[in-house]
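All remarks here apply to the structure that follows.
Side chains included, hydrogens not; waters and symmetry mates left out as well; all remaining heavy atoms used. Numbering starts at 1 and runs along the sequence shown.
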Amino acid sequence: MFDTDLREFYLRYIGALNAHEIDRMDEFINDETTLNGEPGTRDQVIAVLNGDIDAVPDFHWEPGEIAVDGDRLAARLTNTGTPAKEWLGVAPTGASFEIVEYAIYQVRDGRFVHMTALHDAETLRRQLGA
């Protein structure tokens, strides 16, 4: 993939996430992948995404900067939402969150083979009233 193709691919992925079209993840995530350095499968990533969306029905990822280097992509996103169920060990209080996520990916044969995401969990918990 060229840099522009990888950017477009990533924006399609974010669009599917924001539409909560998790059934489309086979377009974006390889059958076998790593998630935050641990070997896993697409089904495991889907389970994480479904859990997030179940607990935070209005979960939204807003891409900021996107950097592409060959088959690797890094992005800064702003994540927002209001949990409706217990999430990350915090009972819902009606409070919303807005945090920054840094994500790094490697793409091979048109799908993510490595996925890493980092966010400030302490700020998130504080915003949710934990």
Side-chain angles (χ1 to χ4, degrees):
M1 287 186 162
F2 293 105
D3 286 5
T4 54
D5 293 338
L6 195 51
R7 285 176 198 275
E8 290 171 8
F9 167 80
Y10 186 68
L11 293 174
R12 283 195 320 274
Y13 167 69
I14 294 297
L17 287 178
N18 284 331
H20 298 174
E21 295 173 338
I22 305 306
D23 59 323
R24 290 184 51 203
M25 291 301 108
D26 61 334
E27 295 176 37
F28 305 104
I29 303 170
N30 196 51
D31 295 343
E32 301 288 323
T33 189
T34 60
L35 180 60
N36 296 324
E38 296 294 323
T41 65
R42 177 177 49 240
D43 289 343
Q44 290 171 313
V45 175
I46 287 171
V48 170
L49 293 170
N50 278 329
D52 290 342
I53 291 168
D54 181 56
V56 186
D58 63 344
F59 205 120
H60 184 81
W61 293 261
E62 184 65 38
E65 290 86 12
I66 299 173
V68 176
D69 182 18
D71 65 350
R72 296 181 185 271
L73 180 141
R76 184 188 60 78
L77 304 111
T78 301
N79 300 344
T80 58
T82 305
K85 295 181 179 178
E86 183 174 313
W87 186 55
L88 304 176
V90 180
T93 62
S96 297
F97 65 87
E98 180 176 309
I99 59 166
V100 174
E101 174 185 343
Y102 297 95
I104 302 169
Y105 305 88
Q106 183 177 20
V107 175
R108 191 173 301 132
D109 297 324
R111 293 186 182 158
F112 297 126
V113 293
H114 299 291
M115 306 172 76
T116 301
L118 176 68
H119 64 268
D120 185 349
E122 187 57 36
T123 296
L124 174 66
R125 291 178 54 81
R126 188 171 51 252
Q127 289 178 9
L128 296 179

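Looking only at side-chain heavy atoms (C-beta outward), Arg126 and Thr123 come within less than 4.5 Å of each other. Between Trp87 and Leu124 the shortest side-chain heavy-atom distance falls below 4.5 Å. Taking the side chain as every heavy atom from C-beta outward, Leu17 and Leu49 approach each other to under 4.5 Å. Counting heavy atoms from C-beta on, the side chains of Pro83 and Val90 never come closer than 4.5 Å.
Not counting sequence neighbours, His20 has no partner by the side chain to side chain donor-acceptor pair (under 3.5 Å) test. Remark: Asn50 pairs with no residue by the side chain to side chain donor-acceptor pair (under 3.5 Å) rule, at least two apart or across chains. For the salt bridge (charged side-chain N to carboxylate O under 4.0 Å, His left out) test, residues two or more places apart in sequence or in another chain that qualify with Asp54 are Lys85. Taking Gln106 as the reference, Asp71, Arg72, Arg108, Val113, His114 meet the side-chain contact (heavy atoms from CB on, under 4.5 Å) condition, with sequence neighbours excluded. With sequence neighbours excluded, no residue forms a side chain to side chain donor-acceptor pair (under 3.5 Å) with Thr93. For the side chain to side chain donor-acceptor pair (under 3.5 Å) test, no residue two or more places apart in sequence or in another chain qualifies with Trp61. Take Glu62 and apply the side-chain contact (heavy atoms from CB on, under 4.5 Å) test, not counting sequence neighbours, and it matches His60, Thr78. In this structure, the side-chain contact (heavy atoms from CB on, under 4.5 Å) partners of Asp31, at least two apart in sequence or on a different chain, are Arg42, Arg111. Contacts of Leu35 classified as side-chain contact (heavy atoms from CB on, under 4.5 Å), with partners at least two apart in sequence or in another chain: Val45, Val48, Met115. Residues satisfying the salt bridge (charged side-chain N to carboxylate O under 4.0 Å, His left out) criterion with Glu38, sequence neighbours excluded, are absent altogether.
Classification of the Phe112-Tyr13 ring pair by plane angle, with boundaries at 30° and 60°, yields perpendicular. Taking the six-membered ring for Trp and thresholds of 30 and 60 degrees, Phe9 and Phe28 have ring planes inclined between 30 and 60 degrees apart.
When hydrophobic clusters are built by joining Ile, Leu, Val, Met, Phe, Trp and Tyr residues whose side-chain heavy atoms come closer than 4.5 Å, directly or via intermediates, Leu118 is not grouped with Leu88.
The two residues Thr34 and Gly37 have their closest heavy-atom pair at CB-C, 4.4 Å. A pairwise comparison of heavy atoms in Pro63 and Ile14 identifies CD-CG2, 3.9 Å as the closest pair. Smallest separation of non-hydrogen atoms from Thr116 and Asn36: CA-OD1, 3.3 Å. Considering all non-hydrogen atoms of both residues, Pro57 and Ala84 come closest at CD-CB, 3.8 Å.
Here the OG1-CG distance, from Thr33 to Asp43, works out to 12.0 Å after rounding to the nearest 0.5 Å. For the atom pair Phe59 CZ and Ile53 CD1, the distance stands at 8.0 Å (nearest 0.5 Å).
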For residues 95-104, run the donor-acceptor check on the side chains, cut-off 3.5 Å, and write out each pair with its distance to 0.1 Å, sequence neighbours left out.
{"from": "Ser96", "atom 1": "OG", "to": "Thr82", "atom 2": "OG1", "distance (Å)": "2.4"}
{"from": "Glu101", "atom 1": "OE1", "to": "Asn79", "atom 2": "ND2", "distance (Å)": "2.6"}

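Although no hydrogens or angles enter the test, the distance criterion places a donor-acceptor pair under 3.5 Å between the side chain of Arg7 and the main chain of Ile66. Side chain of Thr41 to main chain of Gln44: a donor-acceptor pair is present (N/O by atom type, distance under 3.5 Å, no hydrogens or angles).
Among pairs with a residue in residues 13-29, those fulfilling salt bridge (Lys or Arg N to Asp or Glu O under 4.0 Å) read Glu21-Arg24, Arg24-Glu27, at least two apart in sequence or across chains.
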